[in-house]
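Quick note: numbers below take in every heavy atom, side chains included, and nothing from hydrogens, waters or symmetry partners.
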Amino acid sequence: MEVDELMCLPRLPRVAVCGGTHGNELSGVYLVRELLKVEKKAVEEEEEPVSVMIVLSNPRATQQCHRYVDTDLNRCFTHATLNGPISDTDPYEIIRSRELNALLGPKGSRQAVDLVCDLHNTTANMGMCFITYSDCDWICLHIFRHLQKEIPDIPMRFIHFDVSNKESYSLDSVGKHGFAMEIGPQPHGVVRSNIYTAMKGGVQHMLDWVRLFNSGAIFRGGFVDVFTMVKHIDYPRDSVTHNITAAIHPHLQDRDFCLLHPDDPLFQTFSGETLRYKGKEPLYPFFINECAYYEKGIALSLARKRRVMIPSIRVETEQEQQANHQQYSSEDEN
C-alpha cells in the first residue's frame, strides 16, 4: 500500500457513545449522564449531520456501582452468546447484551450502527487507549491519529486484540466500526476530574472527526504504532489454595507500555523473593495490576508493537455509494 493511496469509505451517519458497560467505571457513567442532559437541546437547536445515540449500557450495575450484576457484560457479545437459546433464568447481562444488540446491531448486519465508542476506565497507568479487534479498520485508526494530534499531552496507544468477528466479545464489536476508549489510572468506584476531562475531550474530538469525514474532508495517510496483544500472565498462585503468592514487582508497577525484557523483575513474592520474566522476547506490558482482572487470573497482558501504514481516506460520493450498493445487491442475489 502506498502512503498517498486514497480510499473512499461509506459515510458514518449513526454513532453510538456508550458508558457504564462496567457500572463502577465512573468517567463513562458520568459523561453519558451529562451527554444525555444536553442531547435533546442539541437536537432542537440544529439538525446534526450525524445521529449520535447516547447509551447507558448496564443500568443495574451502574445503580449499584458494581462492575456487573451477574456476569461481565463486556464478555457477552460473541456470536454464540447473542444468538443462543433464551431462558428466563439467563443472567441479567446476557439479557442486556441481547437488548443492546437489538438497539445497536444486529452485530455483523447492515443495520448496525456505523461506529460504537464504548467508554471504560482502568486502574492501570495506561493513559488513553483505543482497544479494537482490527489493525486495518482505517476509520478507527484515523480517529485515533486525530486524537493524538488534538490531545498531545496525554499518552495514547492503539491496542489490537486479534480475534475474529464471531469471537469478539465486547460491546464495541456490535457496530460496523468500533473501539473501546480506555483511560486510566482511576480507581473503580471513583471519578477523577482529570480522567473525566480527558475522556470528555476524546469523545468530542471523535465526534468532530466524524462530522468532518461525513462533510467530505480528506484525511491524509501516515503511520500508527499498533500494540497487538500476545498473551496474558497470571499471578503466581499456591497450588492448593490457588491464592496469589506475589504482587507486581515495584520496578514494573505503573510502567505500562515500557518494554519488558527477559529476566526483568516481574513479581515480588510476599516473602520478598523477586520473580523474573522468563519470556524469550521483549514485549510491552499493559493492564498491569488491573483491579478488575484479579478474578480473571490476569496480572498483566503483553503485546508486540509494530508500525502500521494507513491510507488517505475520504467519504464516498453519492454516485460511488450507489455503485457499491448495486454491487452488494448483485452479490447478495448470487
Side-chain angles (χ1 to χ4, degrees), residues 14-29 31-32 53-124 129-134 137 140 159-184 188-189 229 232 234 287 290-298 301:
R14 295 188 302 145
V15 175
V17 176
C18 306
T21 301
H22 292 137
N24 59 357
E25 296 179 9
L26 296 189
S27 292
V29 170
L31 180 54
V32 160
M53 188 183 303
I54 310 299
V55 180
L56 186 64
S57 309
N58 194 335
R60 287 192 189 176
T62 299
Q63 187 176 28
Q64 299 175 21
C65 197
H66 290 168
R67 182 174 175 84
Y68 54 80
V69 176
D70 295 319
T71 191
D72 191 339
L73 177 61
N74 217 36
R75 301 296 183 271
C76 293
F77 293 91
T78 63
H79 185 269
T81 302
L82 293 175
N83 296 282
I86 300 174
S87 167
D88 292 339
T89 60
D90 282 343
Y92 166 70
E93 278 81 9
I94 299 292
I95 296 169
R96 183 58 179 158
S97 71
R98 290 169 178 163
E99 293 173 351
L100 290 167
N101 188 49
L103 178 68
L104 305 177
K107 178 176 177 175
S109 73
R110 290 189 197 174
Q111 291 74 41
V113 296
D114 299 286
L115 175 65
V116 175
C117 171
D118 193 26
L119 305 173
H120 290 265
N121 290 123
T122 174
T123 62
C129 296
F130 278 32
I131 303 178
T132 77
Y133 295 102
S134 173
D137 186 322
C140 292
I159 302 172
H160 166 225
F161 286 177
D162 191 9
V163 178
S164 71
N165 181 261
K166 281 193 173 183
E167 296 302 318
S168 55
Y169 48 75
S170 54
L171 174 56
D172 52 276
S173 68
V174 172
K176 294 186 181 75
H177 308 275
F179 61 90
M181 183 183 290
E182 186 94 42
I183 308 183
H188 296 321
M229 199 275 289
H232 304 299
D234 192 8
F287 277 128
E290 162 59 48
C291 168
Y293 287 176
Y294 276 70
E295 69 176 28
K296 299 182 187 300
I298 298 173
S301 300

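Residues forming a ring-ring contact (aromatic ring centres under 6.0 Å, His included) with Phe130 (at least two apart in sequence, or on another chain): Phe144, Phe179. The side chain to side chain contact (heavy atoms under 4.5 Å, CB included) test applied to Thr122 returns Ala124, Met126, Glu182, Phe287, Glu290, not counting sequence neighbours. Residues satisfying the ring-ring contact (aromatic ring centres under 6.0 Å, His included) criterion with Tyr294, sequence neighbours excluded, are Tyr235. With sequence neighbours left out, the side chain to side chain contact (heavy atoms under 4.5 Å, CB included) criterion links Lys166 to His79, Ser164. Under the rule for a salt bridge (charged side-chain N to carboxylate O under 4.0 Å, His left out), Glu295 has no partner lying at least two apart in sequence or in another chain. Contacts of Gln111 classified as side chain to side chain contact (heavy atoms under 4.5 Å, CB included), with partners at least two apart in sequence or in another chain: Pro106, Ser109. Evaluation of the salt bridge (charged side-chain N to carboxylate O under 4.0 Å, His left out) rule for Asp234 yields Arg237 as partners, not counting sequence neighbours. By the ring-ring contact (aromatic ring centres under 6.0 Å, His included) test, Tyr68 pairs with no residue at all, sequence neighbours left out. Applying the ring-ring contact (aromatic ring centres under 6.0 Å, His included) test to Phe161 and every residue at least two apart in sequence or in another chain returns nothing. The side chain to side chain contact (heavy atoms under 4.5 Å, CB included) search around Leu56 returns Val32, Pro59, Thr62, not counting sequence neighbours.
In this structure, the side chains of Leu104 and Arg14 stay at 4.5 Å or more apart for every pair of heavy atoms. Between Tyr133 and Asp172 the shortest side-chain heavy-atom distance falls below 4.5 Å. Contact annotation: the side chain of Val69 never approaches that of Pro91 to less than 4.5 Å [non-hydrogen atoms, C-beta and beyond]. Contact annotation: the side chain of Asp118 never approaches that of Ser170 to less than 4.5 Å [non-hydrogen atoms, C-beta and beyond]. Between Met229 and His160, every side-chain heavy-atom pair lies at or beyond the 4.5 Å cut-off.
One N or O on the side chain of Thr123 and one on the backbone of Cys291 form a donor-acceptor pair closer than 3.5 Å. Between the side chain of Lys176 and the backbone N or O of Ala112, at least one donor-acceptor pair lies under 3.5 Å.
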Q.
Applying side-chain contact (heavy atoms from CB on, under 4.5 Å) to Leu100 and Thr21, what does each step give before you reach the verdict?
A. CA-CA 11 Å; Leu100 290 167; Thr21 301; over 6 Å; no

Q) Can Val15 and Asp114 be said to form a side-chain contact (heavy atoms from CB on, under 4.5 Å), step by step? A) CA-CA 6 Å; Val15 175; Asp114 299 286; 5.6 Å; no

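Heavy atoms from other residues, nucleotides or ligands lying under 6.0 Å from CD of Gln64 number more than 12.
Residue pairs meeting the salt bridge (charged side-chain N to carboxylate O under 4.0 Å, His left out) criterion with at least one partner in residues 76-101, sequence neighbours excluded, are Asp90-Arg98, Arg96-Glu99. Contacts classified as ring pair (Phe, Tyr, Trp, His ring centres under 6.0 Å) and involving residues 82-108 (residues at least two apart or in different chains) are not found.
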